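Structure first, commentary second.
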Amino acid sequence: MKVKTLTNWSGFVLLLLFLTLWSCQNSDTSTSTTKANPANSNPAIQQKVKELMGKMSLEDKVGEMTQMTIDVLSVGEPYELPEPHALDEEKMRRVLVDLKVGSILNVGGHAYTQEYWHEIIGRIQKMAMEEKPSGIPVLYGIDAIHGTNYTMGATLFPQQSGLAATWNPEMATKMAEVSAYETRASAIPWTFSPVLDIGRDPRWSRLWEGFGEDVLLAKRMGLAAIQGYEGDDVSDPFKVASCMKHFLGYSMPWSGKDRTPAYVPERLLREYVMPTFQAAIDAGARTVMINSGEMNGIPTHTDSYILKDLLRDEMGFKGLAVSDWEDIILLVKRHRIAKDHKSAIKMAINAGVDMSMVPIDTDFPILLKELVEEGEVPMSRINDAVERILTLKIELGLFENPIYPMSDYPKFGSKEHSDIALDAALESIVLLKNEQQLLPLSDQAKVLVTGPAANSLNPLNGGWTGTWQGVDAKYNTPNKMTILDAVRDRLKVSRTVVEFVEGTNFTETINIPKAVAAARRCDVAIICLGELPYTEKPGDIDDLDLPPAQQELVQAIAATGKPIVLVLAEGRPRVIREIEPKAGAILMGLLPGNEGGRAIAQILFGDYNPNGKMPYTYPRFANTLLTYDHKGTERISQEFGTDAFRPQWPFGYGLSYTTFEYSDLQLSADRLQADGTLEVSVKVTNTGDRDGKEVVQVYVADKVATVTPPVKRLREFDKMELKAGESKTVSFDIPIQQLAFVGRDMRWTTEPGDYEVEIGGLKAPFELVEN
Ligand code: BGC
């Protein structure tokens with residue numbers, strides 16, 4: 001039986017009122033939906049939480065606040081589990097029954113089958129509910145971040161940066177809907193997704209896990225994903241709880257290396273880092289994961305300003321805050337802010353951590369219990385945390401249905417789902433260059449397919465695929481096509497020659513002379529380059545340039561004079577300044593997932609007209625890593641150096657096989673007041689001979705402001721489809737409050753003065769006047 005969500009109308013009305021008032025003050029979140037933030041708002045759920053709390057001992061409670069990895073329930077040493085995986089009944093009993101651990105996460109090394117997930121989570125739930133006196137089910141969590149990537153045969157979508165490149169929020173919703181379905185089909189009700197960290201540093205190893213560098217794009221995509229994961233009722237057997245990651249400032253390590261110190265001034269924090277989270281909180285996101293790093297000298301796990309003042313009091317989050325991996329212990333081992341584990345636990349729990357992702361250390365609940373008994377952690381803090389955890393467990397319907405039968409999920413890994421993933425992959429590919437219309441290729445052309453990304457699914461999928469780092473081909477989905485497979489398949493009918501020589505792996509040359517010889521025999525070389533998958537620390541790099549071996553392959557093939565199509569499969573934009581001129585055409589695959597090979601082949605041969613746009617700036621030089629919305633005028637841009645803002649490709653860039661012309665930019669008024677709404681319209685014409693999709697991007701520049709203004713900011717966008725020769729007029733209503741920035745007093749503000757709207761190269765001025 002499902003727990004129905006009853007609406008507490010008075011609370012709901014108050015909340016709506018609050019949201020309305022709040023959004024008047026803070027227009028930057030005005031696109032968020034007004035779904036009630038769920039925690040504790042439902043009387044039936046509150047009642048059940050109260051009843052449970054009344055029966056729980058301190059031991060039960062600290063157990064609920066503990067999250068451990070499946071390794072500790074398994075035969076073998078944690079992180080070195082023998083194959084095949086097996087649960088260890090004795091260890092399970094120690095963890096689930098004696099320690100009363102309330103949450104388990106992760107996978108023991110690699111993806112399992114759907115059947116095996118059912119078997120092991122079934123056993124875990126049975127033991128927790130039958131042998132533990134409280135009978136509280138376990139909350140199982142997993143990083144299903146681009147589909148259910150830890151279940152064999154699941155549907156794998158583009159990673160978040162690829163979804164962002166579609167500029168189509170519906171794609172994020174669809175990914176999350178399918179992922180929610182297949183994650184629940186794997187007996188798991190909680191996913192650690194989406195990443196809402198803004199991706200403004202291309203050096204960072206997790207850039208691809210986010211929705212790019214722009215706040216508006218990331219906010220819309222994030223909201224869409226949360227809607228897809230949670231829907232309107234998270235107890236629905238096809239929905240999961242989402243987890244906003246990683247609160248707050250995680251994506252901005254000063255050194256570019258994962259989990260190293262970040263320094264984020266308050267204005268940057270408020271204007272660029274918080275809005276994606278705020279919008280998600282307003283939309284009712286259930287859980288949040290805390291930034292593993294430190295910001296401004298304070299590890300976030302001990303920062304009550306971030307975890308209480310901002311997250312709870314100011315932003316209004318009511319759900320569950322889980323730590324990241326081992327981060328309380330790391331307060332001792334990495335951050336050196338606590339002298340021992342016990343004081344680290346005290347700091348973190350008192351600062352606002354509700355659940356600790358321990359993940360293998362069994363001391364946490366024991367030491368936390370001692371701290372409460374010694375009066376070092378107040379019981380009220382424990383009760384807050386446990387109430388949030390129980391609320392979520394009840395909302396997810398775990399007490400009634402800890403797992404649903406597999407037969408309820410006939411669409412798991414189905415064609416219906418992979419067709420949706422293919423659509424997303426197609427929309428995610430960005431055409432960066434196409435000189436003399438080298439693309440699309442004729443199916444009569446003899447092609448060489450070469451390069452390390454040519455014949456593997458891994459560089460198309462990236463990290464968190466089958467395994468944490470995503471490099472082990474053993475767990476790839478059978479029958480999915482690499483780029484080479486898909487090109488061969490496409491040219492089957494025309495029986496055109498397809499040669500394949502690897503040439504290099506990701507970092508070392510293998511057989512470049514053989515690739516050159518093959519290129520000589522062909523009409524065109526499709527060179528597939530990129531990155532071996534990675535995430536987190538293992539993905540740190542010292543050099544943003546594409547590794548020399550791969551560049552050498554391009555130089556050597558270029559010397560043959562044969563036309564080159566570069567296909568990039570990258571988690572972050574690796575600098576390719578030297579080889580870019582050698583390629584007539586370049587396609588960017590932002591980790592398009594299992595259907596990426598098919599999508600790329602369809603685009604190469606013109607079956608699909610590309611329409612992806614860059615969700616971040618592609619740098620030309622590793623020392624010039626500016627985002628599109630950097631500060632300054634042309635003059636200041638020059639002061640950054642002669643190579644100032646001259647990226648390889650800017651944010652929002654992407655070509656099509658057709659051409660679009662913008663005309664007739666109209667503003668509803670040339671003078672507006674701060675409470676007004678600017679209506680902007682523009683005519684877009686498909687002037688080529690193919691149907692195509694175009695993303696209309698509305699930028700606004702605030703010409704003079706009391707805080708130095710960025711050159712421009714994206715303020716609206718819309719993706720539209722135009723038949724060859726067709727024109728459409730698109731219009732946007734932009735409340736002036738949506739142009740607000742964080743002023744000198746750290747509050748959102750707009751200021752009178754001159755502004756300029758820019759769409760598709762057209763510009764129009766308007767003036768904001770005093771009310
Ligand atoms: C990552 C998180 C992830 C967690 C659980 C951490 O190391 O930073 O993004 O959700 O592990 O696997």
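As the structure lists them, so they are numbered: ligands from 1, and atoms in each ligand from 1. Model, not experiment: these values are computed from the prediction. Each residue takes its place number in the sequence, starting with 1.
- Other residues, nucleotides and ligands place no more than 12 heavy atoms under 6.0 Å from the CD atom of E77.
- E531 places no side-chain N or O within donor-acceptor distance of the main-chain N or O of E570, the cut-off being under 3.5 Å.
- Near ligand 1, residues L105, D143, F192, R206, K245, H246, R259, M289, D324, W325, M357, W464, E536 come within 4.0 angstrom through at least one heavy atom.
- Looking only at distances, a side-chain donor or acceptor of T465 sits under 3.5 Å from a matching main-chain atom of G463.
- One finds the OH atom of Y534 at 13.5 Å from the CH2 atom of W468 (value rounded to the nearest 0.5 Å).
- Each of D340, L368, V62 was compared with I345 under the side-chain contact (heavy atoms from CB on, under 4.5 Å) criterion, and only L368 meets it.
- By the 6.0 Å contact criterion, NZ on K537 is enclosed, its count of non-hydrogen atoms from other residues, nucleotides or ligands being greater than 12.
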